Amino acid sequence: AMRIVRLCRDPDVNAEQIESVVQSDQAFTAQLLKTANSALYRRSVPVRSIKQAVVRVGLRHVNNLAIGLSANSLHKKSSPRAQKLWQESRTIASAAQVVALPYKLHEDAFVAGLLHNVGKTLLNNLDNQRFEDCISLQVDGVHPLEAETDLFGVDHTVLGAALVKKWEIDPAFGEAIGFYPEPWREKSLSKIGRILACSIHLAQVLMDLPVFTFIDEPLEPEERRIMEEETMEHPAVTAMKMKPEQLSQTIGRLEKIFIQDTGDD
């Protein structure tokens, strides 16, 4: 994955060079071909070669795909906690993608969302019992980052940002992972890093709204209006300069993705 990321950063790279690296990994090859032939990229002629797939989806998607599969490979343990962390990362990734859509950073937001809690996964892989102790401290009211630092000497945002640096991927991902808990407080973030970090944070906020947590009891119009007005006051919304209609559209898109019709019809 690191080799692919480095190649994608090279302005003189060509499809043949990417192909020579990709073909050594069966899982990546299969996912790349599947993506190139998906509804998003589908053309009249199906893609059958790695080179054709690279040309069709573009270097940016190849880059992000490599990072995403790398994140997946870190979730090797099959414990309930590991599964929950991976499910959380996928949920927030999908939600952050929707949040960042108006800023044309949806693909990057999805990858950043997949990686936002990778530090937690690393801590859990290192010592799952100690990580469970962190969770217990949080239940008792200790701030998550403080609990991790007390028991591990480092919190998951610092660890995740360090991993991004080691992988040599776009620094904006490191900014997103390192500062997503409160990105509006960090003045040094790049424009992209701020949007990605805010997208992750806002994704978490939105997925905790009553419209998603109480799906068996649909909100009344007035309740929904109040919910959206209160959310508009969140600092992540302010930092992204999001307008009321934009927030409403984002929540609507998320509903289509995450809320399934449980009726008999």
Side-chain angles (χ1 to χ4, degrees), residues 8 35 38-42 56-65 67-68 71 88-117 157 160-161 164 169-213 215 219 221 223-260:
C8 289
T35 300
S38 67
L40 183 62
Y41 296 99
R42 186 175 298 153
R56 178 167 293 185
V57 306
L59 290 182
R60 191 171 192 82
H61 191 87
V62 171
N63 175 82
N64 288 347
L65 186 60
I67 298 170
E88 176 189 342
S89 70
R90 289 187 295 176
T91 297
I92 296 305
S94 296
Q97 184 178 35
V98 174
V99 173
L101 186 61
Y103 306 90
K104 302 186 185 303
L105 287 170
H106 46 290
E107 286 194 10
D108 288 350
F110 182 82
V111 175
L114 278 182
L115 294 174
H116 86 281
N117 66 352
T157 63
V164 165
I169 61 180
D170 193 324
F173 289 119
E175 292 180 322
I177 296 165
F179 297 101
Y180 81 86
E182 294 182 317
W184 52 88
R185 296 187 184 277
E186 183 56 45
K187 305 301 182 183
S188 64
L189 295 182
S190 66
K191 182 179 179 180
I192 293 178
R194 184 176 304 279
I195 292 176
L196 294 180
C198 287
S199 295
I200 294 171
H201 189 100
L202 188 55
Q204 294 178 318
V205 171
L206 296 180
M207 296 311 297
D208 281 337
L209 290 178
V211 70
F212 298 108
T213 55
I215 59 175
L219 295 180
E223 293 176 319
R224 189 182 183 93
R225 182 187 67 78
I226 294 174
M227 177 193 73
E228 292 186 3
E229 287 183 352
E230 291 178 345
T231 307
M232 276 299 301
E233 298 178 1
H234 195 282
V237 175
T238 302
M240 297 183 76
K241 299 180 180 179
M242 187 176 285
K243 297 180 180 179
E245 60 270 21
Q246 186 178 334
L247 175 64
S248 182
Q249 291 173 357
T250 297
I251 294 174
R253 292 190 183 107
L254 290 173
E255 286 180 290
K256 291 181 180 179
I257 295 173
F258 289 100
I259 299 180
Q260 301 294 324

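From a predicted model like this one, the values you see are computed outputs, not experimental measurements.
- The two residues Ala96 and Ala203 make their nearest non-hydrogen contact at N-CB, 3.6 Å.
- What you find for Asp208 and Thr213 is that their closest heavy atoms are O-CG2, 3.7 Å.
- Across Leu196 and Ala176, no two heavy atoms sit closer than the pair CB-CB, 3.7 Å.
- Atom CZ of Phe110 and atom CG of Leu115 lie 10.0 Å apart (nearest 0.5 Å).
- One N or O on the side chain of Ser94 and one on the backbone of Arg90 form a donor-acceptor pair closer than 3.5 Å.
- Side chains of Leu247 and Lys243 form no contact here, defined as non-hydrogen atoms less than 4.5 Å apart.
- The closest side-chain heavy-atom distance from Phe173 to Ile67 is below 4.5 Å.
- Here the closest heavy-atom approach between residue Val237 and residue Leu202 is recorded as CG2-CD1, 3.7 Å.
- A tilted orientation is assigned to the rings of His234 and His201, their planes being inclined by 30° to 60°.
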**Study point:** Residues Thr238, Trp184; criterion side chain to side chain contact (heavy atoms under 4.5 Å, CB included); working and verdict
**Key:** CA-CA 9 Å; Thr238 302; Trp184 52 88; over 6 Å; no
Review point. Going through the checks in order, is the salt bridge (Lys or Arg N to Asp or Glu O under 4.0 Å) test met by Arg224 and Glu230?
Key: CA-CA 10 Å; Arg224 189 182 183 93; Glu230 291 178 345; over 6 Å; no
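- Crowding of Arg225 atom CZ: a count of heavy atoms from other residues, nucleotides or ligands under 6.0 Å exceeding 12.
- Listed for the Glu175 side chain is a donor-acceptor partner under 3.5 Å among the backbone atoms of Ser190.
- Looking only at distances, no side-chain donor or acceptor of Arg60 sits under 3.5 Å from a matching main-chain atom of Glu107.
- Within the model, atoms CD1 of Ile200 and CD1 of Ile177 stand 6.5 Å from one another, a figure rounded to the nearest 0.5 Å.
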Exercise for review: With side chain to side chain contact (heavy atoms under 4.5 Å, CB included) as the test, would you mind laying out the steps for Met240 and Val99 before giving the verdict?
Suggested key: CA-CA 10 Å; Met240 297 183 76; Val99 173; 3.8 Å; yes
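- Between Pro210 and Leu219, the shortest heavy-atom contact is CB-CD2, 4.1 Å.
- Atom-to-atom distance recorded for Leu114:CG and Ser89:OG is 5.5 Å, nearest 0.5 angstrom.
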Exercise for review: Report the C-alpha distance between Leu206 and Leu209 in whole Å, list the side-chain angles of each, state the deciding distance to 0.1 Å, and finish with yes or no for side chain to side chain contact (heavy atoms under 4.5 Å, CB included).
Suggested key: CA-CA 5 Å; Leu206 296 180; Leu209 290 178; 3.6 Å; yes
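- Between the OH atom in Tyr103 and the CG atom in Asp108 there is a gap of 15.0 Å [rounded to 0.5 Å].
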Review point. Hey, mind stepping through Phe258 and Met207 against side chain to side chain contact (heavy atoms under 4.5 Å, CB included) and telling me if it holds?
Key: CA-CA 9 Å; Phe258 289 100; Met207 296 311 297; 3.7 Å; yes
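- The only option from Ile169, Asn63, Asn64, Leu65 that meets the side-chain contact (heavy atoms from CB on, under 4.5 Å) definition with Val111 turns out to be Asn64.
- Here Phe212 contributes atom CZ and Thr91 contributes atom OG1; the two are 11.5 Å apart, rounded to the nearest 0.5 Å.
- Atom-to-atom distance recorded for Ser248:OG and Met227:CE is 8.0 Å, nearest 0.5 angstrom.
- Side-chain N or O atoms of His116 include one that pairs as donor or acceptor with a backbone N or O of Gly113 at under 3.5 Å.
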